[in-house]
Number of protein chains: 2
Amino acid sequence: MSDEKPEARIQVIDRAATLLDVISRYSTPVKLKVLSADAGLHPSTAYRILHSLIDNRFVERSGDGTYRLGQRLLQLSNRIHSDIELRAVAMPYMTKLRDQLGETINLTIREGDAVVYYDKATPNRMMHVNQIIGSRAPLHVTGVGKLMLGKGGEKEIESYAQRTNLPAYTRNTFTSLPTLTNECLASVERGYALDNEEAEIGVGCIGVLIYDHTNQPVAGLSLSAPIERRRGEWVEDLKLAGEAISEQLGYRPLQSVEE
Amino acid sequence: MSDEKPEARIQVIDRAATLLDVISRYSTPVKLKVLSADAGLHPSTAYRILHSLIDNRFVERSGDGTYRLGQRLLQLSNRIHSDIELRAVAMPYMTKLRDQLGETINLTIREGDAVVYYDKATPNRMMHVNQIIGSRAPLHVTGVGKLMLGKGGEKEIESYAQRTNLPAYTRNTFTSLPTLTNECLASVERGYALDNEEAEIGVGCIGVLIYDHTNQPVAGLSLSAPIERRRGEWVEDLKLAGEAISEQLGYRPLQSVEE
DNA sequence: GAAAATCGTTGCGTATTGCGGAATGAGAGT
DNA sequence: ACTCTCATTCCGCAATACGCAACGATTTTC
């Protein structure tokens with residue numbers, strides 16, 4: 001990091017970054033004296049910055065007074081890794097489905113009580129369903145969301161219903177707990193869910209879950225189409241794609257619990 | 001991060017960590033308004049911290065004004081990963097060799113003109129060679145170091161000689177460029193190197209290189225013993241262990257250059 | 001298309017925070 | 001036991017980070 005940029009910089013962030021760099025250059029944990037010398041900082045300055053980085057788990061300190069990079073860096077970068085991997089694995093299947101079926105294919109992930117549209121493959125036709133990447137929809141009005149609720153079981157569906165009060169988006173939205181519960185559990189049972197104009201009149205979806213090596217659902221795959229164009233035979237295509245993506249992410253169905 | 005710790009904390013490091021956490025909670029890139037709200041910071045404060053994090057590559061900003069985690073986190077955590085992996089892969093072979101041959105087995109890595117003792121397996125006998133983890137030795141007086149120099153070719157050996165002036169550690173140290181060059185290149189040729197009391201009188205070593213998926217040497221494996229106990233037949237054991245470790249790290253010998 | 005609202009960015013004054021020097025404590029080396 | 005070195009803490013100070021307000025750009029609304 002240079003000082004040539006005219007914009008105001010925050011000195012202590014630059015200094016913290018320098019210390020992390022210096023630590024990363026050594027293959028064994030390093031002492032304070034070496035770190036302050038290499039970073040060009042006063043030892044008491046380096047000491048305080050390092051201990052703030054320790055508090056935030058970017059750095060760890062051993063009993064012998066040496067410092068090394070901390071677990072927070074792994075956790076944050078795992079986030080980047082898993083995002084990159086999910087997209088990279090899913091996108092070829094999505095584009096293939098899009099080309100084969102001629103409708104929009106969405107990749108979604110769960111964020112609390114909503115699904116977020118994470119990526120998509122849209123067909124080259126004038127009329128197609130277009131979801132905005134980054135936008136979100138409540139779980140109970142999407143196919144994938146109903147599957148995610150269903151995987152959580154009756155208690156989770158009930159908690160969700162209490163938190164959200166199951167607002168109606170169309171006249172087809174499930175707004176009563178018993179019917180939503182039946183719908184979610186049945187969807188899990190058959191391995192896919194339909195959205196029958198529950199989020200938006202005129203739009204129908206087919207959704208399946210994507211699992212990873214933890215054998216938990218991590219994302220959803222869905223096809224959105226104008227309701228009159230949606231065909232039941234596409235369910236199998238979505239299921240096969242969801243399974244293939246899941247396997248590439250390390251999912252092993254019917255595996256005994258050993259981890 | 002809480003405020004209950006009595007020690008002085010650096011506020012802006014805490015705030016930067018909070019912003020990184022907030023970004024990591026979202027699965028899609030996030031706008032400034034959301035980040036400042038979730039982090040409980042004034043927008044201009046969040047703006048300045050974020051841009052300092054951008055300068056240091058912990059965060060990236062897209063043209064649409066959204067922020068996501070940056071590549072620096074990956075780079076720093078790759079450092080942690082590769083360290084963990086090397087040790088995890090090598091240690092079982094090291095302990096097996098130690099038990100089989102009854103002498104100290106070292107794992108070393110290169111740091112500039114030195115090798116650093118990175119890990120070790122020491123035998124349960126009163127007299128054994130003991131290298132201090134974290135300590136370093138000049139390349140030209142260690143078996144592994146001579147191999148690393150040899151892999152670099154004559155020009156690198158010459159540069160090294162000019163930089164260091166090949167100081168003698170014992171009467172057996174190679175202190176002339178021609179003889180050191182011959183020794184390094186011959187060692188590479190036969191796939192192992194010996195340290196014949198070149199670093200310390202009375203201590204002899206056998207060293208081999210460890211490669212990874214980049215097909216480059218990333219570490220060294222060596223046996224250190226009192227010179228009168230060292231046996232030439234152990235060379236094959238070191239070579240086999242070095243190859244096995246390398247393969248587990250993704251090394252593919254005789255692979256055409258395609259990466 | 002114009003006006004209003006919102007978000008992002010920047011300048012500025014201030015006070016809070018981070019800094020460096022010095023002192024102290026702990027541990028290592030002789 | 002003494003000396004030396006490194007790590008840690010305290011303290012006064014000024015530089016830095018901050019928040020407010022204003023401005024520019026973009027989006028939203030009518």
Side-chain angles (χ1 to χ4, degrees), chain A residues 1-20 22-23 26 28-56 58-68 70 130 132-136, chain B residues 1-20 22-23 26 28-56 58-68 70 130 132-136:
Chain A
M1 47 247 96
S2 67
D3 290 286
E4 79 233 2
K5 291 197 74 181
E7 297 92 339
R9 304 174 65 94
I10 296 183
Q11 182 183 70
V12 69
I13 290 181
D14 287 346
R15 286 177 160 183
T18 298
L19 285 165
L20 289 172
V22 170
I23 295 175
Y26 286 85
T28 51
V30 201
K31 288 226 171 204
L32 176 70
K33 182 179 170 67
V34 170
L35 291 175
S36 71
D38 282 13
L41 296 173
H42 193 280
S44 65
T45 303
Y47 183 88
R48 256 193 294 274
I49 294 176
L50 283 167
H51 280 262
S52 221
L53 290 172
I54 290 168
D55 290 337
N56 287 289
F58 289 101
V59 164
E60 287 167 11
R61 181 170 187 256
S62 299
D64 66 348
T66 55
Y67 299 84
R68 62 180 179 274
N130 192 30
I132 298 171
I133 300 299
S135 68
R136 61 189 61 227
Chain B
M1 43 246 96
S2 69
D3 291 286
E4 77 233 5
K5 290 196 77 180
E7 298 92 339
R9 302 173 67 93
I10 296 183
Q11 179 179 207
V12 68
I13 289 181
D14 287 346
R15 287 177 160 184
T18 299
L19 285 166
L20 289 172
V22 171
I23 296 173
Y26 287 85
T28 51
V30 203
K31 287 225 169 204
L32 175 70
K33 181 178 171 67
V34 171
L35 290 175
S36 71
D38 284 11
L41 296 172
H42 193 281
S44 64
T45 302
Y47 181 88
R48 260 188 283 268
I49 294 176
L50 283 167
H51 280 261
S52 219
L53 290 172
I54 290 168
D55 290 339
N56 287 290
F58 289 101
V59 163
E60 288 167 9
R61 181 168 188 255
S62 298
D64 68 347
T66 56
Y67 298 84
R68 63 180 179 275
N130 192 29
I132 298 171
I133 300 299
S135 67
R136 61 189 63 230

A:Ile10 atom CD1 is separated from C:dT17 atom P, nearest whole Å, by 14 Å
In whole angstroms, the gap separating C1' of C:dA28 from CG of A:Asp64 amounts to 14 Å
**Prompt:** Taking atom types as they are modelled, is there a donor-acceptor pair under 3.5 Å from the base of C:dC19 to the side chain of A:Ser44?
**Reply:** no
note: A:His42, atom NE2; D:dA7, atom P; distance rounded to Å ~ 13 Å
Closest non-hydrogen atoms of A:Thr66 and A:Lys31, given as atom of the first, atom of the second and distance, are CG2-CG, 3.9 Å
When you compare the side chain of B:Val30 with that of B:Asp38, does any pair of heavy atoms fall below 4.5 Å?
no
*Counting only side-chain N and O atoms of A:Arg61, is one of them less than 4.0 Å from OP1 or OP2 of D:dT8?*
yes
| Student check: side-chain heavy atoms of B:Leu19 and B:Tyr67 closer than 4.5 Å | no
* Asked: Phosphate oxygens OP1/OP2 of D:dA15: is one of them under 4.0 Å from a side-chain N or O of A:Arg9?
  -> no
Original post:
Is there a donor on the side chain of A:Arg48 or the base of C:dG20 sitting less than 3.5 Å from an acceptor on the other?
Top reply: yes
Within the 4.5 Å heavy-atom criterion, are B:Ile13 and A:Asp55 side-chain neighbours or not? no
One should read off an interatomic distance between A:Arg15 CZ and A:Ile49 CD1, to the nearest 0.5 angstrom, of 6.0 Å
A:Tyr47 atom OH is separated from C:dT24 atom C1', nearest whole Å, by 13 Å
A:Lys33 atom NZ is separated from C:dG27 atom P, nearest whole Å, by 19 Å
Result for 5'-nearest mapping on DNA chain D, choosing between A:Val12 and A:Tyr67, is A:Tyr67
note: B:Ile49, atom CD1; D:dT16, atom P; distance rounded to Å ~ 16 Å
note: A:Gln11, atom CD; C:dT16, atom P; distance rounded to Å ~ 20 Å
OP1, OP2 of D:dC18 versus side-chain N and O of B:Thr45: anything below 4.0 Å?
no
A:Leu35 atom CG is separated from D:dC6 atom C1', nearest whole Å, by 13 Å
